[in-house]
Structures are given as structure tokens and as C-alpha cells.
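Given the structure is predicted, the values throughout are model-derived calculations rather than measurements.
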Amino acid sequence: MAILRSLLLLSLAVFVFTSCRADPDPLQDFCVADFHTGITIDGFPCKSASNVVSDDFFFGGLANAGNTNNIFGSNITGGNVQSFPGLNTLGLSINRVDIAPGGVNPLHSHPRASEIVFVLKGELLVGFISTTNVFYSKVLKAGETFIIPRGLVHFQYNTGKDNAVAITAFDSQLPGVVVAPLTLFGSKPAIPIDVLTKTFQVDASVIQLLMSKFGQATSPYN
């Protein structure tokens with residue numbers, strides 16, 4: 001009896017653990033996001049099936065090159081649930097990354113997703129830093145792929161002489177993005193200068209210079 005009771009408790013623990021870790025199984029064919037209900041939840045409520053149309057499952061935003069005329073020389077066109085409502089509850093999204101020669105998709109992280117980078121055109125140095133401060137990187141050419149684990153700081157840098165284009169895919173409908181320079185030096189309200197000078201071990205004038213550059217900067221993420 002004791003062995004049976006232990007097996008039952010172990011089975012229950014495994015069931016609870018896997019239930020907490022896994023995405024729930026869908027209960028319907030789809031759940032197209034409804035942005036007009038005013039309801040805020042962890043995700044978006046479903047549009048009535050009678051109002052769903054084919055265009056809800058279509059997104060043409062990746063067909064056009066993004067404008068890289070900014071301080072980073074890059075542009076990211078996001079195909080997440082906010083622009084592509086048919087992705088709601090499906091656990092995936094896709095971006096187009098355009099980077100001019102010498103441009104960079106600056107150091108950033110996605111708190112809710114892992115990322116796979118597929119280069120369509122040009123040459124990109126892609127890299128990330130682990131939590132043990134190990135830097136992993138690779139120069140990718142057209143047709144090559146690199147993976148970025150969830151939540152780790154990473155970048156893409158155009159090492160070639162021509163414009164580069166990549167497609168990035170995520171295992172989240174809304175991966176989120178934290179762009180390091182904009183977060184640290186362009187937050188509203190600003191992080192106290194004393195915190196930043198102590199963190200980076202530099203004079204206040206350096207921090208003020210960085211704030212002047214990034215306080216009004218435009219994010220490459222559309």
C-alpha cells in the first residue's frame with residue numbers, strides 16, 4: 001500500500017510539474033486576437049468565429065525592406081500578434097531584420113522567447129552572451145542559421161559591404177524586447193545618474209552624453 005501511495009504521489013507531482021511547464025493544448029481551431037474588447041489578460045481574447053476572415057491569418061509586412069536610416073542602421077519589422085492577430089494562442093511569431101553595412105541590431109533580449117536567425121541576404125555576425133559571461137557568435141551568410149536561447153542578451157551586426165536581410169522566428173506570439181542602450185539611457189523617467197555611474201564606473205559626464213544620444217533615439221523595432 002505504501003508503494004502504491006508513493007507511486008500515486010509521484011504521478012501527481014509529475015502531472016502538476018509538466019502541466020505548469022507546458023503550453024496548454026488548444027481547445028479550438030484558432031483564437032484570432034480581438035483588440036477591441038478593452039479586456040486586458042495574459043494574451044488577447046478571441047474574436048467571434050463569425051467575424052473571422054482570411055486576412056486574419058495573413059501578414060504581408062515582411063515583404064518590404066525596412067528603413068535603416070537611424071542611429072543603429074537597422075530596422076526590425078515585427079510579425080507578432082499585435083500586427084498579425086491570427087497568431088494569438090499559437091505560440092509563435094516572425095520578424096524581418098534589415099541592417100545596413102556597418103549597422104547593428106543593438107544588444108537586446110527577448111524575455112519571453114527563444115529565437116532562430118535565418119539570413120536571407122548579406123552577411124551578419126550574430127552572437128549572444130550566456131549567464132556565465134561566455135560569448136558565442138558566428139558570421140552567417142545567406143542560407144545559414146543561428147539560435148539564440150530565451151532571455152539572453154544578443155545582437156546582429158552587418159559585417160558585409162551590402163545590405164543584409166534576416167528572418168527571425170520566435171516561440172512566442174509576443175516575445176517582448178529589451179533594447180539595452182535605450183533601456184539603460186533612455187528610460188522614462190531616467191535611471192538615477194548615480195546608479196549608472198557606479199554601475200559602469202565612469203564619470204557623470206559620460207552618462208549624460210549617453211543619455212543625450214539615447215534619450216530621444218528611435219527604436220529599430222517597429
Among the clusters formed by ILVMFWY side chains lying less than 4.5 Å apart, do [X] and [Y] turn up in the same one?
X    : Y    : value
I193 : L196 : yes
F128 : V134 : yes
L120 : L124 : no
V179 : I148 : yes
V117 : I167 : no

Does atom [atom1] ([X]) have a neighbourhood of more than 12 heavy atoms from anything else shown, all under 6.0 Å?
X    : atom1 : value
Q216 : CD    : no
N51  : CG    : yes
F135 : CZ    : yes

message = Does either side chain, that of S93 or that of Q173, offer a donor lying less than 3.5 Å from an acceptor on the other one?
response = no
Would you say [X]'s side chain and [Y]'s backbone share a donor-acceptor pair under 3.5 angstrom?
X    : Y    : value
D203 : S205 : no
H36  : D34  : no
R96  : L62  : yes
T145 : V119 : no
D171 : A113 : no
D56  : V53  : yes
S109 : V153 : no
N70  : S74  : yes
Q156 : N105 : no
K213 : Q208 : no

[X] side, atom [atom1]; [Y] side, atom [atom2] - distance, nearest 0.5 Å:
X    : Y    : atom1 : atom2 : result
K121 : N163 : NZ    : CG    : 5.5 Å
T168 : I76  : OG1   : CD1   : 8.0 Å
I94  : S83  : CD1   : OG    : 11.0 Å
T159 : K141 : OG1   : NZ    : 8.5 Å
Y221 : N80  : OH    : CG    : 11.5 Å
F185 : L209 : CZ    : CG    : 10.0 Å

Are [X] and [Y] packed together at the side-chain level, in the sense that at least one heavy-atom pair is separated by less than 4.5 angstrom?
X    : Y    : result
V104 : I99  : no
I129 : H154 : no
L87  : L92  : yes
N88  : F30  : no
F155 : L125 : yes

message = Using the rule given for side-chain contact (heavy atoms from CB on, under 4.5 Å), can you reason through T89 versus F44, listing the C-alpha separation, both sets of side-chain angles and the distance that settles it, and then say yes or no?
response = CA-CA 8 Å; T89 74; F44 298 95; over 6 Å; no
message = Can you confirm if the aromatic rings of F57 and F84 lie within a centre distance of less than 6.0 Å?
response = no
query = When the aromatic ring centroids of F170 and H110 are compared, is their separation below 6.0 Å?
reply = yes
Taking every non-hydrogen atom, the tightest pair across [X] and [Y]:
X    : Y    : value
F146 : G127 : CE2-CA, 4.5 Å
P175 : S172 : N-OG, 3.5 Å
R150 : S114 : N-OG, 3.1 Å
T68  : A100 : OG1-CB, 3.8 Å
D194 : T197 : O-OG1, 3.0 Å
F35  : V81  : CZ-O, 3.2 Å

Audit row: K138, V126, side-chain contact (heavy atoms from CB on, under 4.5 Å) steps and yes/no = CA-CA 6 Å; K138 195 77 174 178; V126 181; 5.8 Å; no
